Enquirer: 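Handing you a structure now.
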Amino acid sequence: MDTGTVKLKRGLAQMLKGGVIMDVTNAEQAVIAEEAGAVAVMALERVPADIRAAGGVARMADPGKIKEIMEAVTIPVMAKVRIGHFAEAQILESLGVDFIDESEVLTPADEENHIDKHKFKVPFVCGARSLGEALRRIGEGAAMIRTKGEAGSGNVVEAVRHMRKVMGGIKKIQGMPEEELMSEAKRLGAPYELVRETAKLGKLPVVNFAAGGIATPADASLMMQLGADGIFVGSGIFKAEDPPERAKAIVQATTHYDDPELLAEVSKGIGKAMRGLDVRSMKPEELLQTRGV
Amino acid sequence: MLIGVLGLQGDVAEHASALQKLHADVRIVKKASQVRGLRGLIIPGGESTTIGKLMVKYGLPEAIEEHKPAIYGTCAGTILLAKEIVGSEQFSLNLLDIAVERNAYGRQRESFEADISIPALGDKPFRGVFIRAPVIKRVGKNVEVLAEHEGRPVLVKQDKYLASTFHPELTGDIRIHEYFISMCQG
């Protein structure tokens, strides 16, 4: 009997496809998310919009808080660690968290290296803005990728940019003759074997979700149509006017992303979306996406 | 032969690809109107609470009741077929006389792979991939147990309903899909 295999780690991500993973900060929000049809919840101390507003160092959540959320729901529970902070990851693994997000939303602990994720039995998800970044994270053992987008912005523009870049990168290597893949791997800064595998598959070897700025059912549909396997919604639900209704609408929009009539129906009367930020007016040091590349 | 894969959420593409290898015509089913004409339907792995809620919302239980396709459920699909879900009020189609307990092996770190013997499929063992798998706690007298792992049923059949608590669609081994297609022909 084998545990912690690559197949089991990537397999759990495959089971989440077509679903919505929601950020929650307590048991009550976790139950709302599960009731709305979330496939998993991300347990946090604060949603990204509040982390941004609070400033200071953002760290792994209180294990007591995470346990409380794990006990409140039957769906998988994810939690975030700082980039490179393998001790936080060891703590989350010991708690029995189902998935670890090595996340740029928290303040990085290591500006050079990510966690060696092969060492863990629990699967990891990591953010990426491009194909090279995605393949570096997979090389380190990530079992799932998500776009970074710009977390806590309520603005989908960066998630779109990152999804298009990953997809465009894949299309490019798919059309390349074999002998050009080594220099492309060098250019991408990505492991050659993974470049070859991705070119052959025509997609990443792991599931790829959209994250970072999704706030409406239409945003979810847009990201699914751009090729996302599923959706993370961070601040977009619990910073909106009517979280339960918005959560249900985004779940339906993710399943029926290609049905505009249904999208029109579910987008009606769900209250105001979170206000959101213009990413162009943000200073470079305010951007979370440039952490851990 | 037209076989559907319930496409509301989960590893839908993996099942569709296994069926295509067996030259079945595949329809991804998201709405009630798409159930008509199916000889069989696969309920994939995924989150049973999510899939159940979306099935109810789009009238799929009524369509399944009306057209009665053969059904194969994997993992979450097993939960959605079961007559009893231990300690839970969540939705189920109530078609297969088993009691299941969700996440009974534990959390993701307890997920495992193991070789399973399935006599009905020949001598070659089947690689069982169990991800946050449910445990079948009880089987009714009309339920045939096709495989066990450590004394617990993991592949069961009753009439035209088949269920596995593991994921053959993640292995590339298409023998269980082939077996299901033969059930759809019968």
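The structure displayed is predicted, hence computed values, not measured ones. Residue numbers begin at 1 in each chain, while the letters A, B, ... track the order of the sequences.
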Enquirer: Using side-chain heavy atoms (C-beta onward) and a distance below 4.5 Å, is A/M1 in contact with B/H149?
Expert: yes
Enquirer: Between OG1 of A/T74 and CD1 of B/I85, what distance do you get to the nearest 0.5 Å?
Expert: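 Going from the OG1 atom of A/T74 to the CD1 atom of B/I85 covers 10.0 Å.
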Enquirer: Considering residues, nucleotides and ligands other than A/F120, do more than 12 of their heavy atoms fall under 6.0 Å from its CZ?
Expert: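 Atom CZ in A/F120 is crowded, with more than 12 foreign heavy atoms closer than 6.0 Å.
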Enquirer: Side chains of A/K17 and B/V12, heavy atoms from C-beta outward: is any pair under 4.5 Å?
Expert: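 Heavy-atom side-chain distance check fails, nothing below 4.5 Å.
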Enquirer: State, with a plain yes or no, whether a side-chain heavy atom of B/R132 is found less than 4.5 Å away from one of A/L12.
Expert: yes
Enquirer: Heavy-atom distance under 4.5 Å to chain A: side chain of B/R109, backbone, both or neither?
Expert: both
Enquirer: State whether the number of non-hydrogen atoms from other residues, nucleotides or ligands found under 6.0 Å of A/Q225 atom CD is greater than 12.
Expert: yes
Enquirer: For atom CD of A/E28, is the number of surrounding heavy atoms from other residues, nucleotides or ligands below 6.0 Å larger than 12?
Expert: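 No.
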Enquirer: Any Lys/Arg nitrogen of B/K31 or A/D259 sitting under 4.0 Å from an Asp/Glu carboxylate oxygen of the other?
Expert: yes
Enquirer: Considering only heavy atoms from C-beta outward, does the side chain of B/L54 approach that of A/V251 to under 4.5 Å?
Expert: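 The answer is yes; the side chains approach within 4.5 Å.
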Enquirer: Hey, what do you get for CD (A/Q14) to CG (B/L170), rounding to the nearest 0.5 Å?
Expert: 5.0 Å
Enquirer: What residue, out of B/T171, B/L8, B/T49, has the most heavy-atom pairs lying under 4.5 Å from chain A?
Expert: B/L8
Enquirer: Who wins among A/G4, A/A40, A/G96 for the most heavy-atom pairs under 4.5 Å with chain B?
Expert: A/G96
Enquirer: Hey, could you give me the CG/CD distance between A/L8 and B/E113, rounded to the nearest 0.5 Å?
Expert: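 Separation between the atoms: 4.5 Å.
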Enquirer: At a heavy-atom separation under 4.5 Å, does B/K30 approach chain A through its side chain, its backbone, both, or neither?
Expert: both
Enquirer: Determine yes or no for a side-chain-to-main-chain donor-acceptor pair under 3.5 angstrom, with A/T3 supplying the side chain and B/S111 the backbone.
Expert: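 No, the answer is negative, given that no donor and acceptor are paired below the 3.5 Å cut-off.
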Enquirer: Top residue by heavy-atom pair count (under 4.5 Å) with chain B, among A/T255, A/V77, A/L16, A/D98?
Expert: A/D98
Enquirer: Under 4.5 Å heavy-atom distance to chain B, tell me which part of A/V122 shows up: side chain, backbone, both or neither.
Expert: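 For A/V122, the contact with chain B is made by the side chain alone.
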Enquirer: Look only at the side chain of A/D2 and the backbone of B/A114, and say whether a donor-acceptor pair between them is shorter than 3.5 Å.
Expert: no
Enquirer: With rounding to the nearest 0.5 Å, note down the distance linking OG1 in B/T50 to CD in A/E34.
Expert: 8.0 Å
Enquirer: Can you give me the closest heavy-atom contact between A/A36 and B/K53, atom names plus distance?
Expert: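 Smallest interatomic distance, heavy atoms only, reads C-CD, 4.5 Å.
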Enquirer: Would you call B/R107 and A/E93 a salt bridge, using N to O less than 4.0 angstrom?
Expert: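 Here B/R107 does not pair with A/E93 in a salt bridge, since their nearest N and O are not under 4.0 Å apart.
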Enquirer: Just verifying a value: how many Å separate A/Q252 CD and B/Y58 OH, rounded to the nearest 0.5 Å?
Expert: 3.0 Å
Enquirer: Decide yes or no for A/M15 and B/H167: does some side-chain heavy atom of the first lie under 4.5 Å from some side-chain heavy atom of the second?
Expert: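 A/M15 vs B/H167: side chains touch.
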Enquirer: Hey, which of A/L262, A/V97, A/I75, A/V20 has the most heavy atom pairs under 4.5 Å with chain B?
Expert: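 Ranked by heavy-atom pairs under 4.5 Å with chain B, first place is A/I75.
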Enquirer: Chain A heavy atoms under 4.5 Å from B/Q90: which part of the residue, side chain, backbone, both or neither?
Expert: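 No part of it gets close to chain A.
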